[in-house]
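Just below is one structure, and these are the notes that go with it.
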Protein chains: 2
Amino acid sequence: MGVSEEEQARLLARSTGWLLNDAARALNQRLEEALRATGLRWREYGVLVVLEEAGPLSQQEIGRRLAVDRSTMVHLVDVLEERGLVARGRDRADRRAYAIELTGAGQELLAHVLHPLTAEVHERFAGRLGRRDRAHLDRILGLLAAPPAGEGPA
Amino acid sequence: MGVSEEEQARLLARSTGWLLNDAARALNQRLEEALRATGLRWREYGVLVVLEEAGPLSQQEIGRRLAVDRSTMVHLVDVLEERGLVARGRDRADRRAYAIELTGAGQELLAHVLHPLTAEVHERFAGRLGRRDRAHLDRILGLLAAPPAGEGPA
DNA sequence: TATTGTTATACTCTATAACTATA
DNA sequence: TATAGTTATAGAGTATAACAATA
């Protein structure tokens with residue numbers, strides 16, 4: 001009590017959303033910076049990680065998981081293919097689609113360079129938090145990142 | 001034990017950072033959507049909020065607080081000025097700089113439309129969390145959003 | 001008819017560099 | 001000389017629409 005609804009709205013607008021944005025921006029900057037030495041962007045690393053987790057996927061499916069349009073995926077995969085990190089295999093069940101897969105070089109780069117690099121950034125970034133806070137944060141963000149009930153993918 | 005360093009790195013890379021990004025993106029989408037009815041963008045709302053908090057500021061100072069270049073600020077302020085939400089007053093101490101200030105219309109729009117709108121988005125977005133989780137989240141994000149020691153503004 | 005990948009195209013966002021007026 | 005604002009411009013990044021091959 002003593003705080004009007006308008007004041008509450010003002011305070012709320014100032015809190016979680018802005019902090020979430022600021023924190024995400026701060027982390028992204030650090031990640032881009034760390035990856036710069038490898039010539040890869042954060043998004044490209046994301047493609048590799050998705051493939052590492054899920055195995056061969058079509059370009060469109062990768063895009064779906066990263067919220068990237070299929071037309072945008074073309075150039076993204078081009079870059080990774082030129083560097084020999086992924087290969088455009090054909091999906092034998094549906095010959096319209098590719099089966100984009102990690103090459104050996106891609107797997108090695110992930111394991112020996114990219115993951116350690118990003119892990120170090122995370123370490124420095126989240127290092128200010130205690131273990132309990134980090135666990136809390138992961139759990140809470142997991143709740144927020146999931147789509148709310150009744151709002152699945154199209 | 002039983003988890004290699006490489007495996008740890010892989011897991012770590014998969015956790016906080018991605019979640020942070022996903023959550024921020026999800027929230028931003030909802031905010032942009034909610035603001036669309038007002039014809040304002042998330043960034044423009046940000047300018048108004050900064051002015052409401054700090055009082056009249058130069059364009060460059062607003063940009064500093066929002067991580068926006070001064071050349072980019074020009075158009076941003078143009079839009080808000082055309083809509084009558086801010087005014088370009090002159091800083092009497094330094095006549096090179098403007099003193100951008102909220103107009104009465106700007107203050108009213110914030111109080112009666114924009115803050116309630118964004119507060120509702122926050123409410124729906126963070127509504128899945130309990131009160132304790134929300135408090136936790138705000139506190140932890142506050143730690144992360146702050147620049148680490150020895151990395152202040154230029 | 002619908003879908004995958006592709007291309008051309010356009011649009012948004014942003015920053016860089018050069019200019020002006022003040023300091 | 002340095003700084004606030006401005007402008008022109010160019011570079012990312014992205015999406016839309018139309019097309020070929022396949023379903």
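Naming: A, B, ... by sequence-line order, numbering from 1 per chain.
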Output the residues of [range] in contact with DNA chain D, where contact means a heavy atom of the residue under 4.0 Å from an atom of the strand; sort by number or write none.
range: residues 56-72 of chain B; answer: Ser58(B), Gln59(B), Gln60(B), Arg70(B), Ser71(B)
range: residues 75-85 of chain B; answer: none
range: residues 34-41 of chain A; answer: Arg41(A)

Is there side-chain contact between Leu137(A) and Leu144(B), with heavy atoms separated by less than 4.5 Å?
-> yes
In one Ile/Leu/Val/Met/Phe/Trp/Tyr side-chain cluster, 4.5 Å: Leu31(A), Val113(A) = yes
Using a strict 4.0 Å threshold on nitrogen-to-oxygen distance, state whether Arg134(B) and Glu123(B) make a salt bridge.
-> yes
Below 4.0 angstrom, N of the basic side chain to O of the carboxylate: do Asp133(B) and Arg128(B) qualify?
-> no
Relative to the ring of Trp18(B), is the ring of Tyr45(A) parallel (under 30°), tilted (30 to 60°) or perpendicular (over 60°)?
-> tilted
Residue pairs passing the salt bridge (charged side-chain N to carboxylate O under 4.0 Å, His left out) test with at least one member in residues 55-69 of chain B, sequence neighbours excluded, are Glu61(B)-Arg64(B), Glu61(B)-Arg65(B)
Would you mind listing every salt bridge (charged side-chain N to carboxylate O under 4.0 Å, His left out) that reaches into residues 95-113 of chain B, with sequence neighbours excluded?
-> Asp94(B)-Arg96(B)
Could I get the full list of side-chain hydrogen bond (donor to acceptor under 3.5 Å, both in side chains) partners for [X], not counting sequence neighbours?
X: Arg70(B); value: none
X: Asp91(A); value: none
X: Gln107(A); value: none

Residues in salt bridge (charged side-chain N to carboxylate O under 4.0 Å, His left out) with Glu33(A), at least two apart?
-> none
Go through the structure and list residues passing salt bridge (charged side-chain N to carboxylate O under 4.0 Å, His left out) with Arg90(B), not counting sequence neighbours.
-> none
Anything under 4.0 Å to a heavy atom of chain B counts; send over the first and last such nucleotide of DNA chain C, read 5' to 3'.
-> dC13(C) to dA23(C)
Keeping the roles fixed (side chain from Arg30(B), backbone from Ala26(B)), state whether a donor-acceptor pair exists under 3.5 Å.
-> yes
Measure from the side-chain N and O atoms of Ser58(A) to the backbone N and O of Tyr98(A), and report whether any donor-acceptor pair falls under 3.5 Å.
-> no
Could you run down the sub-3.5 Å N/O contacts of the protein with nucleotides 21-23 of chain D?
| from | atom 1 | to | atom 2 | distance (Å) |
| --- | --- | --- | --- | --- |
| dA23(D) | OP1 | Arg95(A) | N | 2.9 |
| dA23(D) | OP2 | Arg95(A) | NH2 | 3.4 |

Using a heavy-atom cut-off of under 4.0 Å over every strand shown, decide if Arg90(A) touches base, sugar-phosphate, or nothing.
-> nothing
Side chains of Glu52(B) and His115(B): do they bring a donor and an acceptor to under 3.5 Å?
-> yes
